[in-house]
Amino acid sequence: MARVAGVNIPTQKRVEIALTYIHGIGRRTAKEICARLGIPASHRVQQLSDNEVLRIREMLDSEYRVEGDLRRDVAMNIKRLMDLGCYRGLRHRRGLPVRGQRTHTNARTRKGPAKPIAGKKKVTK
Amino acid sequence: MPRSVWKGPFVDGFLLQKADKVRSSKRNEVIRTWSRRSTILPQFVGLTFGVYNGRKFIPVLVTENMIGHKFGEFSPTRTFFGHGGDKKARRG
(Lines give C-alpha, C1' and ligand atoms only; values in the text may rest on other atoms or scores of the structure.)
Protein backbone atom coordinates (compact mmCIF):
# COMPACT_ATOMS: atom_id res chain seq x y z
CA MET A 1 0.00 0.00 0.00
CA ALA A 2 1.34 3.36 -1.01
CA ARG A 3 0.04 6.45 0.66
CA VAL A 4 0.39 9.57 -1.44
CA ALA A 5 -1.05 13.02 -0.85
CA GLY A 6 -2.79 12.26 2.41
CA VAL A 7 -5.71 9.93 1.96
CA ASN A 8 -5.07 8.27 -1.33
CA ILE A 9 -4.01 4.66 -1.42
CA PRO A 10 -3.83 3.57 -5.05
CA THR A 11 -3.56 -0.13 -5.77
CA GLN A 12 -1.68 -2.54 -7.95
CA LYS A 13 -2.49 -0.46 -11.02
CA ARG A 14 -0.01 1.24 -13.31
CA VAL A 15 1.44 4.37 -11.71
CA GLU A 16 0.03 6.59 -14.44
CA ILE A 17 -3.49 5.34 -13.66
CA ALA A 18 -3.11 5.04 -9.91
CA LEU A 19 -2.14 8.70 -9.60
CA THR A 20 -5.44 9.76 -11.17
CA TYR A 21 -7.19 8.48 -8.03
CA ILE A 22 -5.96 11.67 -6.40
CA HIS A 23 -8.40 14.58 -6.67
CA GLY A 24 -6.77 17.11 -8.95
CA ILE A 25 -4.62 14.67 -10.91
CA GLY A 26 -5.91 13.53 -14.29
CA ARG A 27 -4.32 11.48 -17.00
CA ARG A 28 -2.34 14.40 -18.29
CA THR A 29 -0.80 15.43 -14.98
CA ALA A 30 -0.19 11.81 -14.04
CA LYS A 31 1.75 11.28 -17.26
CA GLU A 32 3.69 14.46 -16.67
CA ILE A 33 4.70 13.36 -13.17
CA CYS A 34 5.82 9.93 -14.41
CA ALA A 35 7.84 11.48 -17.21
CA ARG A 36 9.53 13.99 -14.94
CA LEU A 37 10.49 11.35 -12.41
CA GLY A 38 11.61 8.92 -15.09
CA ILE A 39 9.14 6.20 -14.13
CA PRO A 40 8.36 3.94 -17.08
CA ALA A 41 4.68 3.77 -18.02
CA SER A 42 4.62 0.01 -17.56
CA HIS A 43 5.57 0.19 -13.88
CA ARG A 44 2.94 -0.64 -11.30
CA VAL A 45 2.67 1.06 -7.93
CA GLN A 46 3.83 -2.01 -6.01
CA GLN A 47 7.02 -2.11 -8.10
CA LEU A 48 8.02 1.39 -7.05
CA SER A 49 10.90 1.76 -4.68
CA ASP A 50 10.39 3.70 -1.46
CA ASN A 51 12.58 6.40 -2.88
CA GLU A 52 10.38 6.79 -5.93
CA VAL A 53 7.24 6.98 -3.82
CA LEU A 54 8.93 9.62 -1.73
CA ARG A 55 9.82 11.64 -4.80
CA ILE A 56 6.24 11.47 -6.08
CA ARG A 57 5.05 12.69 -2.70
CA GLU A 58 7.52 15.56 -2.70
CA MET A 59 6.58 16.62 -6.20
CA LEU A 60 2.87 16.59 -5.38
CA ASP A 61 3.46 18.61 -2.25
CA SER A 62 5.61 21.25 -3.86
CA GLU A 63 4.23 21.69 -7.36
CA TYR A 64 0.63 20.58 -7.58
CA ARG A 65 -2.60 21.57 -5.87
CA VAL A 66 -4.45 18.43 -4.93
CA GLU A 67 -7.16 17.05 -2.65
CA GLY A 68 -8.17 19.28 0.28
CA ASP A 69 -6.22 22.33 -0.88
CA LEU A 70 -7.74 22.18 -4.33
CA ARG A 71 -11.24 21.62 -3.01
CA ARG A 72 -10.85 24.57 -0.66
CA ASP A 73 -9.63 26.77 -3.50
CA VAL A 74 -12.63 25.90 -5.63
CA ALA A 75 -15.05 26.44 -2.76
CA MET A 76 -13.40 29.80 -2.00
CA ASN A 77 -13.72 30.92 -5.60
CA ILE A 78 -17.42 30.08 -5.61
CA LYS A 79 -17.88 31.78 -2.25
CA ARG A 80 -16.18 34.90 -3.58
CA LEU A 81 -18.65 35.05 -6.45
CA MET A 82 -21.57 34.57 -4.09
CA ASP A 83 -20.44 37.29 -1.69
CA LEU A 84 -19.81 39.70 -4.52
CA GLY A 85 -23.44 39.76 -5.57
CA CYS A 86 -22.62 39.36 -9.23
CA TYR A 87 -24.69 37.39 -11.69
CA ARG A 88 -22.58 34.24 -11.52
CA GLY A 89 -22.80 34.35 -7.72
CA LEU A 90 -26.58 34.62 -7.84
CA ARG A 91 -26.75 31.58 -10.09
CA HIS A 92 -24.58 29.61 -7.67
CA ARG A 93 -26.81 30.64 -4.79
CA ARG A 94 -29.91 29.43 -6.57
CA GLY A 95 -28.33 26.22 -7.78
CA LEU A 96 -28.92 27.05 -11.41
CA PRO A 97 -26.51 26.78 -14.34
CA VAL A 98 -23.92 29.56 -14.21
CA ARG A 99 -22.73 29.80 -17.78
CA GLY A 100 -25.84 30.82 -19.64
CA GLN A 101 -27.30 27.42 -20.44
CA ARG A 102 -31.01 27.08 -20.99
CA THR A 103 -33.18 26.22 -18.01
CA HIS A 104 -36.53 25.88 -19.76
CA THR A 105 -35.71 22.21 -20.10
CA ASN A 106 -32.69 20.19 -19.00
CA ALA A 107 -30.20 21.72 -16.54
CA ARG A 108 -30.95 18.71 -14.34
CA THR A 109 -27.35 18.38 -13.19
CA ARG A 110 -27.61 21.70 -11.38
CA LYS A 111 -31.27 21.59 -10.47
CA GLY A 112 -31.36 18.03 -9.22
CA PRO A 113 -34.13 15.52 -9.87
CA ALA A 114 -37.31 16.93 -11.39
CA LYS A 115 -39.88 18.02 -8.82
CA PRO A 116 -43.53 17.35 -9.57
CA ILE A 117 -45.66 20.42 -10.15
CA ALA A 118 -48.74 20.55 -7.94
CA GLY A 119 -52.01 20.38 -9.80
CA LYS A 120 -50.56 19.37 -13.13
CA LYS A 121 -52.56 16.55 -14.68
CA LYS A 122 -50.80 13.57 -16.16
CA VAL A 123 -51.64 13.00 -19.78
CA THR A 124 -53.35 9.64 -20.13
CA LYS A 125 -54.49 7.91 -23.28
CA MET B 1 -12.75 32.24 -24.47
CA PRO B 2 -11.38 35.26 -22.62
CA ARG B 3 -10.49 38.52 -24.28
CA SER B 4 -6.99 38.91 -25.69
CA VAL B 5 -4.63 40.52 -23.22
CA TRP B 6 -3.00 42.78 -25.78
CA LYS B 7 -6.29 44.61 -26.26
CA GLY B 8 -6.48 45.62 -22.64
CA PRO B 9 -9.72 45.82 -20.68
CA PHE B 10 -12.74 47.28 -22.43
CA VAL B 11 -14.18 50.44 -20.92
CA ASP B 12 -16.36 53.09 -22.48
CA GLY B 13 -14.29 56.28 -22.54
CA PHE B 14 -16.95 58.58 -21.17
CA LEU B 15 -17.12 56.46 -18.05
CA LEU B 16 -13.46 57.16 -17.30
CA GLN B 17 -13.98 60.89 -17.66
CA LYS B 18 -17.02 60.80 -15.43
CA ALA B 19 -15.21 58.79 -12.77
CA ASP B 20 -12.33 61.27 -12.81
CA LYS B 21 -14.73 64.17 -12.43
CA VAL B 22 -16.50 62.62 -9.44
CA ARG B 23 -13.15 61.71 -7.90
CA SER B 24 -11.82 65.24 -8.14
CA SER B 25 -15.08 66.81 -6.95
CA LYS B 26 -14.72 64.81 -3.71
CA ARG B 27 -18.46 64.30 -3.52
CA ASN B 28 -19.62 60.75 -3.55
CA GLU B 29 -22.47 60.91 -5.93
CA VAL B 30 -23.91 58.01 -7.86
CA ILE B 31 -22.58 57.85 -11.39
CA ARG B 32 -25.49 56.83 -13.55
CA THR B 33 -24.49 54.72 -16.47
CA TRP B 34 -25.94 52.58 -19.19
CA SER B 35 -22.57 51.09 -19.97
CA ARG B 36 -23.12 47.62 -18.55
CA ARG B 37 -20.47 46.31 -20.91
CA SER B 38 -17.59 48.22 -19.31
CA THR B 39 -15.01 46.42 -17.25
CA ILE B 40 -14.57 47.55 -13.66
CA LEU B 41 -11.10 49.07 -13.32
CA PRO B 42 -8.98 49.61 -10.21
CA GLN B 43 -9.57 53.37 -10.37
CA PHE B 44 -13.31 52.81 -9.91
CA VAL B 45 -12.90 51.28 -6.45
CA GLY B 46 -14.83 53.18 -3.80
CA LEU B 47 -17.14 54.93 -6.24
CA THR B 48 -20.82 54.19 -6.52
CA PHE B 49 -22.30 53.54 -9.93
CA GLY B 50 -25.94 53.42 -10.85
CA VAL B 51 -26.03 50.62 -13.35
CA TYR B 52 -29.10 50.63 -15.56
CA ASN B 53 -30.94 47.33 -15.78
CA GLY B 54 -33.53 48.39 -18.33
CA ARG B 55 -35.88 49.81 -15.73
CA LYS B 56 -33.92 51.55 -13.03
CA PHE B 57 -30.39 52.33 -11.89
CA ILE B 58 -29.09 49.75 -9.44
CA PRO B 59 -26.56 51.32 -7.06
CA VAL B 60 -23.31 49.37 -7.08
CA LEU B 61 -20.57 50.25 -4.63
CA VAL B 62 -17.39 49.08 -6.30
CA THR B 63 -15.07 47.03 -4.10
CA GLU B 64 -11.65 45.62 -4.80
CA ASN B 65 -13.03 42.15 -5.47
CA MET B 66 -15.13 43.41 -8.35
CA ILE B 67 -12.18 44.45 -10.50
CA GLY B 68 -12.21 42.58 -13.77
CA HIS B 69 -15.95 41.97 -13.76
CA LYS B 70 -18.36 43.95 -15.90
CA PHE B 71 -20.89 46.42 -14.53
CA GLY B 72 -23.77 44.47 -15.98
CA GLU B 73 -23.00 41.51 -13.76
CA PHE B 74 -24.12 43.47 -10.72
CA SER B 75 -27.41 44.68 -12.06
CA PRO B 76 -29.78 41.81 -12.83
CA THR B 77 -32.13 42.43 -15.73
CA ARG B 78 -34.70 39.81 -14.89
CA THR B 79 -36.98 39.38 -11.91
CA PHE B 80 -38.13 35.92 -11.02
CA PHE B 81 -40.70 35.59 -8.27
CA GLY B 82 -40.95 31.83 -8.44
CA HIS B 83 -43.68 29.66 -9.81
CA GLY B 84 -47.17 29.77 -8.35
CA GLY B 85 -48.40 27.07 -6.01
CA ASP B 86 -45.33 25.98 -4.12
CA LYS B 87 -45.66 28.41 -1.25
CA LYS B 88 -42.93 26.91 0.90
CA ALA B 89 -39.82 29.04 1.25
CA ARG B 90 -37.45 28.15 -1.51
CA ARG B 91 -34.64 30.63 -1.41
CA GLY B 92 -31.72 29.55 0.80
Side-chain angles (χ1 to χ4, degrees), chain A residues 23-29 31-32 63-66 68-124, chain B residues 1-3 9-11 15 30-92:
Chain A
H23 182 81
I25 306 281
R27 285 299 299 274
R28 190 196 156 91
T29 342
K31 267 187 191 164
E32 194 182 292
E63 283 166 60
Y64 296 97
R65 249 178 195 285
V66 291
D69 280 355
L70 180 61
R71 278 186 238 264
R72 188 158 28 78
D73 275 9
V74 173
M76 288 296 285
N77 290 345
I78 293 174
K79 193 168 176 304
R80 188 186 74 91
L81 289 175
M82 294 209 277
D83 293 343
L84 209 51
C86 70
Y87 183 74
R88 282 173 67 198
L90 299 180
R91 301 300 280 182
H92 272 294
R93 268 189 234 165
R94 296 209 143 198
L96 290 167
V98 177
R99 299 187 179 175
Q101 298 98 321
R102 70 151 27 196
T103 52
H104 189 149
T105 66
N106 300 334
R108 279 345 308 189
T109 306
R110 287 287 293 178
K111 288 166 110 181
K115 310 161 202 74
I117 300 160
K120 191 175 182 181
K121 282 258 171 70
K122 266 220 181 108
V123 182
T124 45
Chain B
M1 207 199 312
R3 182 181 165 86
F10 176 85
V11 189
L15 207 58
V30 176
I31 305 169
R32 291 195 158 191
T33 181
W34 287 260
S35 175
R36 298 167 52 85
R37 57 184 189 172
S38 288
T39 313
I40 298 179
L41 299 178
Q43 58 256 46
F44 294 158
V45 170
L47 301 174
T48 310
F49 288 81
V51 184
Y52 196 59
N53 72 354
R55 198 159 64 92
K56 41 183 196 179
F57 294 90
I58 308 289
V60 176
L61 172 63
V62 176
T63 61
E64 227 166 284
N65 270 335
M66 294 180 179
I67 293 167
H69 290 259
K70 308 269 180 178
F71 279 112
E73 289 183 61
F74 300 95
S75 171
T77 55
R78 280 152 216 251
T79 8
F80 176 68
F81 295 107
H83 295 298
D86 40 357
K87 287 185 185 115
K88 290 243 170 73
R90 172 182 32 247
R91 285 194 58 200

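So you know, we letter chains A, B, ... as the sequences are listed, proteins then strands, and number each from 1. Here the structure is a predicted model, which is why all the values come from computation and not from measurement.
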Within 6.0 angstrom of B:Arg3 CZ, more than 12 heavy atoms from elsewhere: yes
Under 4.5 Å from a heavy atom of chain A, the part of B:Ser75 involved: neither
List the atom of A:Arg80, the atom of B:Asn65, and the distance in Å for their closest heavy-atom pair. NH1-O, 3.1 Å
With a 4.5 Å limit on heavy-atom distance, are the side chains of A:Leu81 and B:Glu73 in contact? no
More than 12 heavy atoms of other groups within 6.0 Å of A:Arg88 CZ: no
Atom of B:Phe74, atom of A:Gly85 and distance for their closest heavy-atom approach: CD2-O, 3.8 Å
Using a cut-off of 6.0 Å, state whether more than 12 heavy atoms not belonging to B:Lys56 lie near its atom NZ. no
Looking at A:Arg108, I'd like to know if its CZ atom is crowded, meaning that more than 12 non-hydrogen atoms belonging to other residues, nucleotides or ligands lie closer than 6.0 Å. yes
